[in-house]
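Beneath this line is the structure, given in structure tokens, with notes to follow.
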Number of protein chains: 2
Amino acid sequence: MNEQVPEAMRWSTENCTISRTMRILGDKWTFHVLREIFVGVRRFEDIRARAELPRQVLTERLAALIERGIIRRHPYRLPGQRERYEYRLTQAGLDLYPVLVALIQWGDQYLPLDDGPPIVPQHRGCGEEVSVVLQCAAGHEPTPREVAIRPGPGAQPRALAG
Amino acid sequence: MNEQVPEAMRWSTENCTISRTMRILGDKWTFHVLREIFVGVRRFEDIRARAELPRQVLTERLAALIERGIIRRHPYRLPGQRERYEYRLTQAGLDLYPVLVALIQWGDQYLPLDDGPPIVPQHRGCGEEVSVVLQCAAGHEPTPREVAIRPGPGAQPRALAG
DNA sequence: TGGCTGAGTCTGTCAAGCAGACTTATGCTC
DNA sequence: GAGCATAAGTCTGCTTGACAGACTCAGCCA
């Protein structure tokens with residue numbers, strides 16, 4: 001029980017926000033599917049062809065995203081064809097934009113391509129590039145080193161702690 | 001070739017920034033491991049115990065993160081014990097803070113707990129809570145609906161397009 | 001010398017991903 | 001109305017990865 005033990009070891013990860021979020025988003029394909037919908041590719045066959053994932057996996061991921069309220073099915077009908085469905089973002093889905101933009105931003109910085117970025121988040125209003133910035137409630141913009149992740153009011157002590 | 005085909009279908013996903021980033025971060029465990037290191041849990045056995053992942057998977061993930069330059073091994077020695085290693089974030093790792101904070105922020109909004117958030121990103125300087133905001137190069141703070149993901153200079157046309 | 005501990009490695013089982021073929025529903029053309 | 005085209009799935013068998021639990025290895029200490 002010396003102070004070498006990090007303080008975080010005393011807290012459970014059971015209800016951790018990152019765990020609970022990753023249970024929904026944290027697999028190889030979900031972000032690929034979301035990317036397609038974000039860039040405007042909304043139909044099953046188009047998503048499958050562009051993201052190159054097995055149909056079965058796509059079926060399963062779409063169902064999971066619908067169940068979690070991130071996308072919804074929306075009926076559409078091309079002239080001379082029967083009704084089908086496309087997949088659109090709900091508000092919860094749209095609110096994943098900061099996550100997506102943060103990923104793109106990191107990738108552009110640490111895995112750059114010779115030709116420049118293949119995709120760019122853009123402000124529809126003014127056409128300028130969009131990025132994410134860290135901001136604290138007092139209005140500062142801390143660097144990563146100035147940020148710490150601390151236990152909050154919902155933190156639960158860990159069994160076997162210490 | 002009617003205009004029902006989304007514009008994005010014309011572009012390849014092969015070099016997509018999200019794909020390339022997800023090849024590194026996009027699996028069930030990587031973010032859990034990073035979370036531990038972010039909150040200050042740096043030693044193999046501590047990470048394994050708190051994140052509850054199989055040792056073999058932890059070994060493999062740590063090696064991958066080191067290879068991608070996101071963490072590094074750092075020797076340490078407790079009094080009366082032999083030298084061991086702990087894992088620390090590199091600058092590239094620290095720069096994942098916006099991704100992590102964006103995930104926490106989304107989770108707190110859409111998967112809230114009765115007791116409040118279990119973890120809170122905090123500005124070390126002033127103690128206030130840290131969040132991420134979307135910001136365009138002209139200084140606007142667009143809502144998700146005002147953001148669009150567009151092909152950039154490195155976009156490649158898709159074979160079989162149309 | 002023998003035991004303890006952190007940090008792995010090994011082994012066998014089982015779930016998930018995968019490619020590719022098959023199915024289903026509907027509307028169109030002839 | 002028969003047959004064809006198409007989007008959106010299901011089905012099948014193979015392969016890969018996750019997993020729990022046991023084993024190993026190196027250095028320190030009693």
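Residue numbering restarts at 1 for every chain, and letters A, B, ... go by the order of the sequence lines.
- Dense packing is recorded around CD of B:E141, with more than 12 heavy atoms of other residues, nucleotides or ligands lying under 6.0 Å away.
- If you check residues 12-28 of chain B against DNA chain D, the residues with a heavy atom closer than 4.0 Å are B:K28, listed by number.
- Rounded to a whole Å, the CD atom of A:E45 is 18 Å from the P atom of C:dA25.
- Taking only side-chain atoms of B:T59, from C-beta outward, the nucleotide of C:dG8, D:dG9, D:dA7 with the closest atom is C:dG8.
- Using a 4.0 Å cut-off between charged side-chain N and carboxylate O, B:E36 and B:R43 make no salt bridge.
- Checked against a 6.0 Å centroid threshold, the rings of B:F38 and B:Y97 count as neighbours.
- Going from atom CD of A:E52 over to atom P of C:dG17 covers 17 Å, rounded to whole Å.
- The interatomic distance linking B:E60 (CD) with D:dA18 (P) rounds to 7 Å, in whole Å.
- The CE atom of B:M9 sits 7.0 Å away from the CZ atom of A:R50 when rounded to the nearest 0.5 Å.
- Within a 6.0 Å sphere centred on CD of A:Q91, heavy atoms belonging to other residues, nucleotides or ligands number more than 12.
- Within the 3.5 Å criterion, the main-chain N or O of A:I18 finds no donor-acceptor partner in the side chain of B:R35.
- Between A:Y85 atom OH and C:dT26 atom C1' there is a gap of 13 Å when expressed in whole angstrom units.
- The local environment of CZ in B:R72 is crowded, with over 12 non-hydrogen atoms from other residues, nucleotides or ligands closer than 6.0 Å.
- In this model, the phosphate group of C:dA7 is approached by a side-chain N or O of B:Y76 to a distance below 4.0 Å at OP1 or OP2.
- Over its full length, the helix from C:dT1-D:dA30 to C:dC30-D:dG1 turns its helical axis through 10°, comparing axes from the five pairs at each end and rounding to 10°.
- Under a cut-off of 6.0 angstrom, the local environment of CZ in A:R68 is sparse, with at most 12 non-hydrogen atoms contributed by other residues, nucleotides or ligands.
- Taking atom CZ on B:R48 and atom P on C:dA7, their separation rounds to 11 Å, with Å as the unit.
- Using bins of under 30°, 30° to 60° and over 60° for the plane-to-plane angle, the ring pair B:H32/B:W29 lands in the perpendicular bin.
- Residue A:R73 places at least one side-chain N or O closer than 4.0 Å to OP1 or OP2 of D:dG9.
- Residue-environment remark: CZ (A:R145) stays at or below the threshold of 12 foreign heavy atoms within 6.0 Å.
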Starting at the 5' end of nucleotides 21-30 of chain D, put B wherever the base has a protein heavy atom under 4.0 Å, S where only the sugar-phosphate does, and a dash everywhere else. -B---BSSS-
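- C:dG17 atom C1' lies 14 Å from atom NE2 of A:H32, rounded to whole Å.
- Looking only at distances, no side-chain donor or acceptor of B:S12 sits under 3.5 Å from a matching main-chain atom of B:Q156.
- In this entry the distance linking CH2 of A:W29 with C1' of C:dA19 reads 13 Å, nearest Å.
- With rounding to whole Å, B:D46 atom CG is found 14 Å from C:dT5 atom P.
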